[in-house]
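Encoded as C-alpha cells, the structure appears first; notes follow it.
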Amino acid sequence: MVKKPFIIVAIDGGAASGKSSTSLALGERFHLLHSDTGSYYRALTAEMMRLGVSPDDLAAVRAALGGLRLGTRVVDRSARIEISGRQPGGEIRSREVNDAVSHFAAIPELRTALLEFQRGQADVARKGGFRGLVMEGRDIGSVIFPDADVRFFLHADPKERERRRVRQGQHDRVAERDRIDSSRKTAPLSCSEGAISIDTTRLSIAEVTDAMAAVVDRAFGAS
Ligand code: CDP
C-alpha cells in the first residue's frame with residue numbers, strides 16, 4: 001500500500017504579521033488541520049484571569065495549571081482547545097487578554113503545559129483524515145516542530161501591523177507584545193534557522209498565501 005504523504009507546516013511571526021489568514025487559507029487549499037496556538041495561550045490566559053491568578057504569582061499559576069484538563073475539538077478545519085470540557089469564547093480576543101497574554105506566555109510551566117498538547121495535534125490531524133497540519137505561533141519551527149516539512153516566518157512593519165488590528169476593530173499593542181515575546185528566556189519569538197522569511201508589509205493576503213502555497217506544493221511532491 002502506498003503511504004499517503006502527511007506534512008507539517010509551521011508558521012511563526014509577530015502579532016498581526018499575517019499568520020492566521022494565511023494558515024487558514026493553506027489549510028483550506030491543501031486540506032490541512034489548522035492549529036492556532038496563540039488561541040491556546042489566550043484561552044489559558046482567560047482561564048487564569050477567571051480564576052483570579054496573576055502571572056507574578058508562580059505558585060498560584062502552577063496550582064491552577066494542575067487543576068486543568070486540556071482537550072481538542074475539531075471545528076470545521078480547526079483544532080480548538082477545550083479547558084476542562086469548556087470551549088473558550090470571544091473573551092480570548094478582549095483587550096484584557098491582549099494585555100496579559102504575553103506575561104502568562106513567558107512562564108515556562110505554562111508553556112510546558114501546552115507542549116505535548118500542541119505536538120499531539122499531528123495525531124489529531126492524522127486520525128481526522130487530514131493531509132497534514134498547519135500550525136501557527138511563535139515557537140513552532142524552533143521548539144514544537146523543529147523538523148516540520150516546511151517552516152515559515154512572517155514579519156511586517158509594526159505601523160502596518162497596528163493598522164491591521166485597528167481595521168479588525170481591536171485594541172492591541174502589537175509592538176509591546178512583540179517586545180515581551182521576543183525578549184523572554186523560554187522559546188522567544190524568533191526566525192528559526194532555515195525558515196522561509198516573508199515580509200508581508202506590502203503584500204496582500206492572497207499574494208502571501210500563493211507564495212507559501214507554492215512551497216507547500218513542492219513539499220507534498222517531495223514527501
Ligand atoms: O494573533 P496574534 O499575532 O495577535 O497573537 P496570537 O497568535 O493570538 O498570540 C497571542 C500571544 O500568545 C502572543 O503574543 C504570545 O505571547 C503567545 N504565544 C506564544 O508565546 N507562543 C505561541 N506559539 C503562540 C502564542
Side-chain angles (χ1 to χ4, degrees), residues 8-25 34-49 55 61 65 70 78-81 83 88-122 133-146 148 151-158 160-192 195 198 200-201 205 208:
I8 295 184
V9 179
I11 306 181
D12 290 304
S17 57
K19 302 183 301 292
S20 289
S21 320
T22 55
S23 55
L24 277 166
H34 169 240
S35 169
D36 169 7
T37 62
S39 73
Y40 308 156
Y41 283 92
R42 288 173 176 279
L44 279 188
T45 297
E47 181 66 12
M48 292 290 153
M49 291 167 81
V61 172
L65 286 173
L70 304 184
S78 288
R80 304 266 172 85
I81 195 168
I83 301 184
E91 76 277 7
I92 71 168
R93 308 274 158 202
S94 67
R95 181 180 186 148
E96 290 73 22
V97 169
N98 280 346
D99 287 347
V101 62
S102 292
H103 298 287
F104 281 103
I107 301 171
E109 282 87 346
L110 192 137
R111 303 196 72 81
T112 304
L114 279 175
L115 188 84
E116 288 311 317
F117 175 77
Q118 292 171 94
R119 290 196 176 140
Q121 301 301 337
L133 173 71
V134 55
M135 181 172 275
E136 52 163 310
R138 301 290 186 288
D139 60 345
I140 312 308
S142 55
V143 176
I144 308 300
F145 287 118
R151 286 176 293 130
F152 292 108
F153 184 79
L154 304 187
H155 59 103
D157 180 76
E160 167 59 18
R161 294 188 290 128
E162 296 272 359
R163 277 196 290 273
R164 289 176 187 173
R165 278 296 186 257
V166 172
R167 280 202 295 271
Q168 291 165 343
Q170 277 205 42
H171 177 278
D172 192 4
R173 288 179 297 184
V174 298
E176 174 63 3
R177 272 203 293 131
D178 276 4
R179 190 189 62 72
I180 304 172
D181 292 342
S182 309
S183 59
R184 70 181 173 225
K185 285 205 180 67
T186 311
L189 165 66
S190 65
C191 179
S192 58
I198 304 177
T200 70
T201 309
I205 292 166
V208 182

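All ligand and atom numbering here is 1-based and tracks the order in the structure. What you are looking at is a predicted structure, and each value in this text was computed from that prediction instead of being measured.
Checking Lys19, Glu136, Arg42, Met135 one by one against Asp36, the side-chain contact (heavy atoms from CB on, under 4.5 Å) holds for a single residue, Glu136.
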Could you go through ligand 1 and list every pair where one of its N or O atoms sits under 3.5 Å from a protein N or O, giving the atom names and the distance to one decimal?
residue	atom	partner	partner atom	Å
ligand 1	1 (O)	Arg165	NH2	3.2
ligand 1	3 (O)	Ala16	N	3.4
ligand 1	3 (O)	Lys19	NZ	3.0
ligand 1	3 (O)	Arg138	NH2	3.2
ligand 1	4 (O)	Arg42	NH2	3.3
ligand 1	4 (O)	Arg165	NH2	2.4
ligand 1	4 (O)	Arg177	NH1	3.4
ligand 1	4 (O)	Arg177	NH2	2.6
ligand 1	5 (O)	Arg138	NH2	3.1
ligand 1	5 (O)	Arg177	NH1	3.2
ligand 1	7 (O)	Arg138	NH1	3.1
ligand 1	8 (O)	Arg42	NE	2.7
ligand 1	14 (O)	Ser102	OG	3.4
ligand 1	14 (O)	Arg138	NH2	3.4
ligand 1	14 (O)	Arg177	NH1	2.8
ligand 1	14 (O)	Asp181	OD2	2.7
ligand 1	16 (O)	Ser102	OG	3.2
ligand 1	16 (O)	Asp181	OD1	2.6
ligand 1	16 (O)	Asp181	OD2	3.3
ligand 1	20 (O)	Arg111	NH1	2.7
ligand 1	20 (O)	Arg111	NH2	3.4
ligand 1	20 (O)	Arg184	NH1	2.9
ligand 1	20 (O)	Arg184	NH2	3.0
ligand 1	21 (N)	Arg111	NH2	3.0
ligand 1	23 (N)	Thr37	OG1	3.1
ligand 1	23 (N)	Arg138	N	3.1
ligand 1	23 (N)	Asp139	OD1	2.9

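At least one side-chain heavy atom of Leu24 sits less than 4.5 Å from a side-chain heavy atom of Ser78. At a threshold of 4.5 Å between non-hydrogen side-chain atoms, the residues Leu189 and Phe153 count as touching. Side-chain contact between Ser192 and Arg151: present, with at least one pair of heavy atoms (C-beta onward) separated by less than 4.5 Å.
In this structure a side-chain-to-backbone donor-acceptor pair under 3.5 Å is present from Arg164 to Ala16. Although no hydrogens or angles enter the test, the distance criterion places a donor-acceptor pair under 3.5 Å between the side chain of Arg119 and the main chain of Ile144.
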